[in-house]
Structure formats: C-alpha cells, structure tokens
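In what follows, a structure is listed as structure tokens, so that the remarks can point back to it.
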Amino acid sequence: MKRRLNNIFKSDGRAVVLAMDHGNGMSVLPELNNPGEIIKKAVAGGIDALLTSYGIATTFQKEIGNIGLILRADGGTSQLAKSTDKSMEIIYQVENAIKIGADSMLAMGFPGASNEDITLKGLAKLINEANKYNLPIGAEMLPRGFEPAEDSRTGDNLAFACRIGAELGADYIKTAYSGDKESFKKVVEGCYKPVLVLGGGVSKKEKDLFQMIKDSLEAGASGVIIGRNIWKHPNPDKICAAIAAIVHENVTVEKAVKMI
C-alpha cells in the first residue's frame with residue numbers, strides 16, 4: 001500500500017492531483033473534447049497524479065504514463081436529473097482498479113445529506129474490500145453533499161466530515177477549503193490522515209486560487225486535488241507548474257502568478 005501511495009504523495013508528503021473525473025455525471029464539453037492533450041500538458045507541468053473516470057483511465061494510458069492514477073469509484077447520477085438528490089453509489093469494484101493499474105480509488109462521503117447512509121456505507125464497504133488488495137482509498141468528504149445549506153462548508157462541519165472519513169478507514173481525505181486558515185487548521189488537526197483541498201467548481205482568478213492553495217498548505221494540508229480550474233485554463237501546463245511550485249517548493253503567490 002505504501003508503494004502505491006508513494007506514486008501519489010511525493011517524498012515531501014505532498015501531492016498535486018489533477019481531477020478529471022467530472023464527465024461521468026456532468027457536461028465537460030467542449031473543454032474536455034480531447035482529454036489526452038490536457039493530460040499531456042498537465043504531466044509536463046508537474047502534476048503527481050490524476051483522479052479520473054474509468055473511460056479516461058483506460059483510453060489515455062499512454063498520456064497518463066507513470067504518474068499516480070486514482071480511479072473514481074462512484075457515480076450513477078447526472079446533472080440532467082431533476083431531483084436535488086446527488087448521492088453517488090459505488091459503481092466500480094477494486095478489481096477494476098487493479099486491472100487498469102490504478103494506485104488508488106476515491107469515493108464520496110456525504111455526512112448530513114438526506115441519504116448519507118448510501119455514501120458512507122458504500123465508502124466503508126469499498127475500504128473493506130480494498131484492504132484485501134492493499135489498495136489505498138481516498139474519501140471526498142463533503143458535509144451535506146451537494147444539498148444547499150448554510151452550514152454545508154463551515155469549518156466545524158468540514159472537520160467533522162473529514163474525521164468520519166478517517167474513522168471509516170480512508171487513507172487520505174479530499175475536502176473543501178473552509179475559507180480561512182484558522183478554521184481549516186482545525187480541520188487538519190482533527191483528521192489523522194492527509195488532507196487534500198479541492199479547487200471548487202467556480203472559476204477562480206489565478207491569484208485567488210494560488211492564495212487558497214498557499215493558505216491551506218500553511219494550515220496543514222498535504223496538497224490539492226483540482227479539476228476545472230486547471231482543465232478549463234488556456235494554459236494547463238503553466239498553471240500546473242505554478243501549483244506544483246507552491247505545493248512542493250513553497251514559492252510565493254506572487255512568483256506563482258508570474259509563472260503563468
């Protein structure tokens with residue numbers, strides 16, 4: 001298991017992961033008409049790993065090369081659904097990940113959602129099965145999932161959700177940034193597994209994105225898992241290089257902006 005995690009987390013204990021798993025439930029067109037080109041540019045920019053769907057993982061193996069590979073384990077919903085219920089169920093098994101050479105799988109956990117049991121039970125079962133193969137599992141822990149609520153991304157609830165992911169046995173946690181270093185430090189301190197910060201769906205200005213990354217690292221995060229703010233960017237290679245420099249070289253936000 002440690003060897004597989006070392007393909008994701010570098011020797012400094014940090015990771016830069018490109019998330020390209022959105023297309024199994026939401027429209028990624030036209031930006032991801034050619035996933036292979038985005039992957040090549042991101043790899044050239046210095047990403048450590050790719051979180052992606054089964055289709056991309058099996059189709060673009062040449063472009064993925066030797067970086068870490070994380071397979072999205074759950075799905076089963078799409079943005080066309082009229083219901084606000086966006087709970088995702090496990091749709092791929094550990095054997096699928098092993099066969100395609102994935103280093104890890106990742107699934108959602110939605111504490112406080114109307115049907116939290118679907119994601120939390122599914123995550124626990126996936127972790128239990130993965131232990132048989134020494135395959136690391138990441139948990140994307142989001143309070144109340146995608147159900148709108150004022151407290152869905154508060155520091156306290158993020159800390160609670162991340163702790164649940166760790167208690168269920170996840171090897172690392174993906175979650176949202178709480179908005180300030182003080183509250184996010186409590187999120188990290190309350191979770192005894194590495195915490196990776198997601199980029200969020202709203203397009204951010206480069207400086208704002210870099211500042212969020214810098215602040216989260218200073219609060220104790222172990223890196224980032226960022227999708228749309230990379231693959232929608234006109235220069236994915238440059239923004240990946242800038243993010244990698246912040247995460248692994250501790251460069252300033254100002255210097256990172258100049259790299260674009």
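Here the closest heavy-atom approach between residue L51 and residue R72 is recorded as CD1-N, 4.0 Å. Across all their heavy atoms, D103 and N7 have their closest contact at OD1-ND2, 2.8 Å. Shown here for C240 and I47, the closest heavy-atom pair between the two residues is SG-CG2, 3.6 Å. Residues G155 and S183 approach most closely at CA-CB, 4.2 Å, considering heavy atoms. Closest heavy-atom contact between G76 and I91: N-CD1, 4.2 Å. Taking both residues in full, the closest heavy atoms of A170 and K193 are given as O-NZ, 2.8 Å, listed atom of the first, atom of the second, then distance.
Remark: the backbone N or O of I56 is not paired with any side-chain donor or acceptor of T59 at under 3.5 angstrom. Side chain of W231 to backbone of A19: a donor-acceptor contact under 3.5 angstrom is found. The main-chain N or O of S114 is found under 3.5 Å from a side-chain atom of E147 such that the two form a donor-acceptor pair. A distance-only check finds no donor-acceptor pair linking the side chain of S104 to the backbone of I70 [under 3.5 Å]. Checking side-chain atoms of D237 against main-chain N and O of G45 turns up no donor-acceptor pair under 3.5 Å.
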M141/L123 under side chain to side chain contact (heavy atoms under 4.5 Å, CB included): CA gap, chis, key distance, verdict: CA-CA 10 Å; M141 304 304 297; L123 180 60; 4.0 Å; yes
Test side chain to side chain contact (heavy atoms under 4.5 Å, CB included) applied to T52 and I39, step by step: CA-CA 11 Å; T52 196; I39 294 170; 5.9 Å; no
Test side chain to side chain contact (heavy atoms under 4.5 Å, CB included) on H233 and E206; report intermediate values, then the result. CA-CA 10 Å; H233 195 276; E206 291 146 358; 2.6 Å; yes
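A salt bridge links K40 with E37: at least one charged nitrogen is closer than 4.0 Å to a carboxylate oxygen. Here E95 does not pair with K99 in a salt bridge; the nearest charged N to carboxylate O distance is not below 4.0 Å. Between D151 and R144 a salt bridge is recorded (basic side-chain N to carboxylate O distance below 4.0 Å).
There is a path of hydrophobic side-chain contacts, each under 4.5 Å, that joins L18 to I260. No continuous path of hydrophobic side-chain contacts links L126 to M1 [ILVMFWY only; heavy atoms under 4.5 Å]. At a threshold of 4.5 Å between side-chain heavy atoms, the hydrophobic network of Ile, Leu, Val, Met, Phe, Trp and Tyr places I230 and V43 in one connected group. A chain of hydrophobic side-chain contacts below 4.5 Å, direct or via other Ile, Leu, Val, Met, Phe, Trp or Tyr residues, connects M88 to L142. Side-chain heavy atoms closer than 4.5 Å link hydrophobic residues (I, L, V, M, F, W, Y) into clusters, and following such links, possibly through other members, connects I137 to I90.
With values rounded to the nearest 0.5 angstrom, N115 atom CG is found 10.0 Å from L120 atom CG. Interatomic distance, CE of M20 versus CD1 of I38, reported as 6.0 Å (0.5 Å rounding). Between the CZ atom of R228 and the NE2 atom of H22 there is a distance of 4.5 Å, given to the nearest 0.5 Å. The line from OG1 of T175 to CG of L198 is 6.5 Å long, rounded to the nearest 0.5 Å. Expressed to the nearest 0.5 Å, how far OH of Y172 lies from CD1 of I8 amounts to 4.5 Å. Atom CD of Q93 sits about 10.5 Å away from atom NZ of K125, to the nearest 0.5 Å.
For K204, the NZ atom counts as densely surrounded, since its 6.0 Å shell holds more than 12 non-hydrogen atoms of other residues, nucleotides or ligands. N66 CG: 12 or fewer foreign heavy atoms inside a 6.0 Å radius. Annotation for E254: atom CD counts as buried by contact number, over 12 foreign heavy atoms lying within 6.0 Å. Other residues, nucleotides and ligands contribute only 12 or fewer heavy atoms inside 6.0 Å of the NZ atom of K186. Counting non-hydrogen atoms of other residues, nucleotides and ligands closer than 6.0 Å to NZ of K185 gives a total of 12 or fewer.
By the 4.5 Å heavy-atom criterion applied to side chains, L71 and Y54 are counted as neighbours. V247 has its side chain out of reach of K10: every pair of non-hydrogen atoms, C-beta onward, lies at least 4.5 Å apart. The shortest side-chain heavy-atom distance between R153 and L158 falls under the 4.5 Å cut-off.
Among V197, V195, I225, V17, the single residue meeting the side-chain contact (heavy atoms from CB on, under 4.5 Å) criterion with K174 is I225.
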For residues 209-221, please give each side-chain donor-acceptor pair under 3.5 Å, one per line with the distance, not counting sequence neighbours.
unit_1: Q211; atom_1: NE2; unit_2: D215; atom_2: OD1; d: 2.9
unit_1: K214; atom_1: NZ; unit_2: N250; atom_2: O; d: 3.2
unit_1: K214; atom_1: NZ; unit_2: V251; atom_2: O; d: 2.9
unit_1: S216; atom_1: OG; unit_2: M212; atom_2: O; d: 3.3
unit_1: S216; atom_1: OG; unit_2: I213; atom_2: O; d: 2.8
unit_1: E218; atom_1: OE1; unit_2: K181; atom_2: NZ; d: 2.8

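In this structure, F146 and F110 have perpendicular ring planes: the angle between them is above 60°, well past the 30° mark.
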